[in-house]
Structures are given as structure tokens and as C-alpha cells.
Amino acid sequence: MPEGPSIVLLKEAAQQFAGQKIIAVSGDSKIDHSLLLNKKVLTFNSWGKHFLICLKDLTIRIHLLMFGSYRINEQKPGKTIRLSLRFKTGEINFYTCSIVYLPGDPGDHYDWSADVMSDEWDAGSARKKLKKRPGLMACDALLEQDIFAGVGNIIKNEVLYRIRVHPESLVNKLPAAKLKEMISESRIYSFQFLEWKRNNELKKHWLAHTKKLCLRCKLPFIKKYTGVKKRRSFICENCQVLYT
DNA sequence: TCCAATGTTTCGCC
DNA sequence: GGGCGAAACATTGG
């Protein structure tokens with residue numbers, strides 16, 4: 001159940017197989033297994049919530065969606081494997097996920113400057129994209145994968161609480177400094193998420209997401225399904241300013 | 001026990 | 001055919 005940072009952890013865990021040949025393929029995925037057998041994995045990569053297994057001229061794109069999971073060098077008892085890749089030194093197994101092939105080079109398919117976890121992340125580029133979207137709410141903007149690839153609902157809620165912006169604020173009504181803060185904090189928080197997740201302590205750091213009371217003012221959070229995307233937002237109407 | 005949820009795609013209607 | 005919203009998919013913890 002992954003946002004971008006969780007996919008970075010998957011990439012790290014898979015790294016032990018980089019450069020190795022796929023010696024067996026199984027699973028109920030509809031993709032053509034024969035394109036993988038005996039092929040070498042060049043690199044593991046990620047873009048937002050997409051996990052990428054890069055071969056020569058072919059990339060396997062794995063999206064874990066809401067409920068997907070994986071195991072490395074073990075299996076989930078009694079669960080159907082969507083795709084299993086075996087290497088000389090172990091195996092990686094994926095469950096309940098979307099798997100498609102991307103032909104050619106990953107760079108043909110992805111704008112790396114949009115990925116908040118990428119070295120190539122470009123805040124200025126995000127700002128330009130937001131400028132072209134008048135009427136877009138902050139809550140929807142942060143979930144827009146073309147702009148903030150990797151940001152999911154948890155990161156959305158935590159970023160908006162941190163910067164004290166109401167989720168239903170319109171991005172083109174945010175003061176310039178606030179807009180910049182929203183963009184920069186999306187990356188900063190995502191990297192904190194990564195470290196907390198790595199240490200299995202993510203939840204205890206949540207300040208807004210699923211919370212009942214605002215720690216700053218002690219007033220209750222309003223839970224509301226906001227924006228075009230109608231995703232859960234936790235709002236402190238006292239601390240978070242609505243810009244409209 | 002039941003329900004909601006770290007997400008995206010597809011279908012059907014206007 | 002575009003735009004929209006609902007439905008589909010599917011697992012697990014609270």
C-alpha cells in the first residue's frame with residue numbers, strides 16, 4: 001500500500017538482484033513471460049508510485065495500487081502470486097498489482113522532474129504546471145501524479161497540515177510564498193516519510209492523517225472527502241487557512 | 001464482524 | 001468523442 005517513499009524502499013530491497021539473469025518466471029500476470037526468461041535485469045528504478053524493472057529495450061512497470069504487496073526471498077502463504085522472478089541468489093514476488101510492459105527506454109515514458117523522490121525533481125517545473133491549472137484545489141494538486149509523482153493521501157494530508165493550508169484552498173489563490181512552501185514541503189516530507197517508514201515508525205509521526213485532535217490548538221479535526229478526487233482529508237479549521 | 005482505505009483504470013451515460 | 005462520475009478491482013487492519 002505504497003506512496004512514493006515505499007517504492008524507494010522496494011527499489012533498495014530489490015537491488016541485490018541488479019545485474020542478475022532472470023532464471024525462472026511465474027505468476028498469473030497476463031504479461032508474456034517468455035520476454036523475461038533468461039534476460040538480465042539492468043537496473044531497478046522508480047517513478048512516483050511505479051516500480052520499474054529495467055531490461056534491455058523493455059521495462060516491467062509494477063503498480064501496487066491500494067492493496068499490492070511484495071516479498072523478497074519468501075512467499076505469502078496461501079496467496080496467489082501475480083509475478084515471480086527468480087534469480088540465482090533469490091526471488092522477488094509480487095501480489096495483487098498491475099503489471100505492464102513499457103517498450104524501449106524508461107526515459108521515453110517518464111518525466112523524472114515530476115518525481116518528488118528523484119534527484120531530478122524540479123520544484124520550478126511543478127510551479128509552472130500548477131500555474132496552468134487555475135481552479136485546482138490544493139488537495140487535488142498534491143495527488144496529481146503528473147505534478148507530484150509519488151505523493152499519496154497520507155503525504156497530502158501531512159503536507160497541508162504542516163504548511164497550515166486548508167485542503168480546499170485554490171492553488172492559484174495561495175500567496176506565492178505559500179505555493180513555494182507547498183511544493184518544497186512535498187519533497188521534504190516525502191523524505192521524512194521514507195526514513196520513518198524504513199524504521200517502521202511512520203504512523204507515530206502522523207500529525208493530521210487519521211487524527212482526532214489538532215495538537216496545535218486541541219480542536220477536533222474535520223474529516224471530509226475533498227476535491228474532485230474525493231479523498232479523505234483531515235482538516236483543522238482553526239489552524240489551516242482557506243485561500244479562495 | 002464489518003467497513004474503510006497509502007490508488008488507478010474502465011465503463012457507461014449524456 | 002469528450003467529460004464526467006460511478007463502478008470495478010482486491011486486501012487487511014482497526
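Here the structure is a predicted model, which is why all the values come from computation and not from measurement. Letters go in sequence order (proteins before strands), and every chain restarts at 1.
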| said: Counting only side-chain heavy atoms from C-beta out, which of C:dT12, B:dA5, B:dT6 sits nearest to A:K79? | reply: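 When the side chain of A:K79 is considered, C:dT12 is the closest of C:dT12, B:dA5, B:dT6.
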| query | Out of C:dA10, C:dT12, B:dT6, which has the shortest distance to the side chain of A:R232? | reply |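 Of C:dA10, C:dT12, B:dT6, B:dT6 is nearest to the side chain of A:R232.
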Is [X] close enough to [N] that one of its side-chain N or O atoms is under 4.0 Å from OP1 or OP2 there?
{"X": "A:Y225", "N": "B:dA5", "value": "yes"}
{"X": "A:K229", "N": "B:dA5", "value": "no"}
{"X": "A:K230", "N": "C:dC4", "value": "no"}

| task | Identify, with sequence neighbours excluded, every residue that meets salt bridge (Lys or Arg N to Asp or Glu O under 4.0 Å) alongside A:D140. | result |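 Testing A:D140 for salt bridge (Lys or Arg N to Asp or Glu O under 4.0 Å), a comparison that skips the adjacent residues, returns none.
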| query | Is it the case that A:K76 places NZ or CZ above or below the six-membered ring of A:Y95, under 6.0 angstrom from the centre and within 45 degrees of the axis? | reply |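 The answer is yes, since A:K76 meets both limits relative to A:Y95.
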| task | Find out if a path of hydrophobic residues (ILVMFWY) with successive side-chain heavy-atom gaps under 4.5 Å connects A:Y101 to A:V25. | result |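 Yes; tracing contacts between hydrophobic side chains, which count when under 4.5 Å, links both residues.
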| Stems where DNA chain C pairs, listed by first number, each of three or more Watson-Crick or G-U pairs under 3.5 Å |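 Stems (3+ consecutive pairs) listed as B:2-5 with C:11-14, B:7-14 with C:2-9.
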Rounded to whole Å, how long is the line connecting atom [atom1] of [X] with atom [atom2] of [N]?
{"X": "A:F67", "N": "B:dG7", "atom1": "CZ", "atom2": "P", "answer": "10 Å"}
{"X": "A:L10", "N": "B:dT6", "atom1": "CG", "atom2": "C1'", "answer": "15 Å"}
{"X": "A:Y70", "N": "C:dT11", "atom1": "OH", "atom2": "P", "answer": "18 Å"}
{"X": "A:K224", "N": "B:dA4", "atom1": "NZ", "atom2": "C1'", "answer": "20 Å"}
{"X": "A:M66", "N": "C:dC9", "atom1": "CE", "atom2": "P", "answer": "15 Å"}
{"X": "A:D140", "N": "C:dC4", "atom1": "CG", "atom2": "P", "answer": "12 Å"}
{"X": "A:K76", "N": "C:dT12", "atom1": "NZ", "atom2": "C1'", "answer": "8 Å"}
{"X": "A:I81", "N": "C:dT11", "atom1": "CD1", "atom2": "P", "answer": "13 Å"}

Using the salt bridge (Lys or Arg N to Asp or Glu O under 4.0 Å) rule, collect all pairs that involve [range], keeping only residues at least two apart or in two chains.
{"range": "residues 146-170 of chain A", "value": "A:R162-A:E185, A:E168-A:K224"}
{"range": "residues 9-20 of chain A", "value": "A:E12-A:R198"}
{"range": "residues 40-57 of chain A", "value": "none"}

| Counting distance only, does the side-chain N/O of A:T59 pair as donor-acceptor with the main-chain N or O of A:R61 below 3.5 Å? |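 No: the side chain of A:T59 does not pair with the backbone of A:R61.
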| Donor-acceptor pair, A:K178 side chain versus A:I163 backbone, under 3.5 Å? |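 Such a contact is found between A:K178 side chain and A:I163 backbone.
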| said: Just so I know, are the side chains of A:F94 and A:I60 near enough to count as touching, which here means a heavy-atom distance under 4.5 Å? | reply: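 Sidechains of A:I60 and A:F94: no contact.
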| said: Need one value for A:K156: base, sugar-phosphate or nothing, where a base atom within 4.0 Å counts as base even if backbone is also close, heavy atoms only. | reply: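 Since no nucleic acid heavy atom lies under 4.0 Å of A:K156, the category is nothing.
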| task | Pick base, sugar-phosphate or nothing for A:K203, based on heavy-atom distances below 4.0 Å to the nucleic acid. | result |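 Counting heavy atoms under 4.0 Å across all strands, the contact made by A:K203 is with sugar-phosphate only.
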| query | Taking all atoms of both residues into account, what is the closest heavy-atom pair of A:A14 and A:F44, and its distance? | reply |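 Minimum heavy-atom separation between A:A14 and A:F44: O-CE1, 3.1 Å.
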Which atoms of nucleotides 8-12 of chain B (N or O only) lie under 3.5 Å from a protein N or O atom, and what are those distances?
{"residue": "B:dT8", "atom": "OP1", "partner": "A:H63", "partner atom": "NE2", "Å": "3.2"}
{"residue": "B:dT8", "atom": "OP2", "partner": "A:K49", "partner atom": "NZ", "Å": "3.3"}

| field | Pairwise C1' distance, B:dT6 and C:dG5 [rounded to whole Å] | value |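 Their C1' atoms lie roughly 23 Å apart.
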